[in-house]
Amino acid sequence: MAFVELENGAWINPNFIETIFKVNKSDTQWEVGLSHGEFDHIEHITDADRIRILKNAGFVKIKKEKNDE
């Protein structure tokens with residue numbers, strides 16, 4: 001898998017993602033639990049970032065745009 005660029009300009013490697021979750025269900029902020037071997041980290045992401053990650057991982061189909069020619 002390739003790296004995914006987040007809205008804040010940072011990059012994330014989907015291979016290191018352990019979990020994606022919301023702390024507060026009414027919030028739009030998501031958190032990603034990353035595992036880097038001995039180092040674990042939580043990254044805050046937006047809903048758009050979560051969709052990019054899921055598309056990159058193949059869990060969401062990417063819609064092909066029709067040409068209006």
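Values reported hereafter were calculated over all heavy atoms of this structure, with side chains retained and with hydrogens, waters and symmetry mates removed. Quick caveat, the model's predicted, so the values are computed rather than measured.
When every heavy atom of Phe3 is checked against every heavy atom of Pro14, the shortest pair comes out as CA-CD, 4.3 Å. The minimum heavy-atom distance linking Arg52 with Glu5 is given by the pair NH1-O, 3.5 Å. Taking each heavy atom of Ile20 and Trp30 in turn, the nearest pair found is CG2-CE3, 3.6 Å. Summarising the geometry of Gln29 relative to Ile45, their closest heavy-atom pair is NE2-O, 3.3 Å, with the distance given to 0.1 Å.
Atom CG of Asn13 is separated from atom CG of Leu34 by 9.0 Å, given to the nearest 0.5 angstrom. Atoms NE2 and CD, on His41 and Glu31 in that order, are 10.0 Å from each other to the nearest 0.5 Å.
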Review point. Can you check side-chain contact (heavy atoms from CB on, under 4.5 Å) on Val32 and Thr19, steps first, answer last?
Key: CA-CA 6 Å; Val32 176; Thr19 59; over 6 Å; no
Exercise for review: Dump the intermediate steps for side-chain contact (heavy atoms from CB on, under 4.5 Å) on Glu43 and Asp49, then the final yes or no.
Suggested key: CA-CA 11 Å; Glu43 180 75 31; Asp49 292 333; over 6 Å; no
Practice item. May I have the step-by-step check of side-chain contact (heavy atoms from CB on, under 4.5 Å) for Lys22 and Asp27, ending in yes or no? Key: CA-CA 8 Å; Lys22 276 187 176 181; Asp27 196 7; 5.7 Å; no
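A distance-only check finds no donor-acceptor pair linking the side chain of Asn56 to the backbone of Ile53 [under 3.5 Å].
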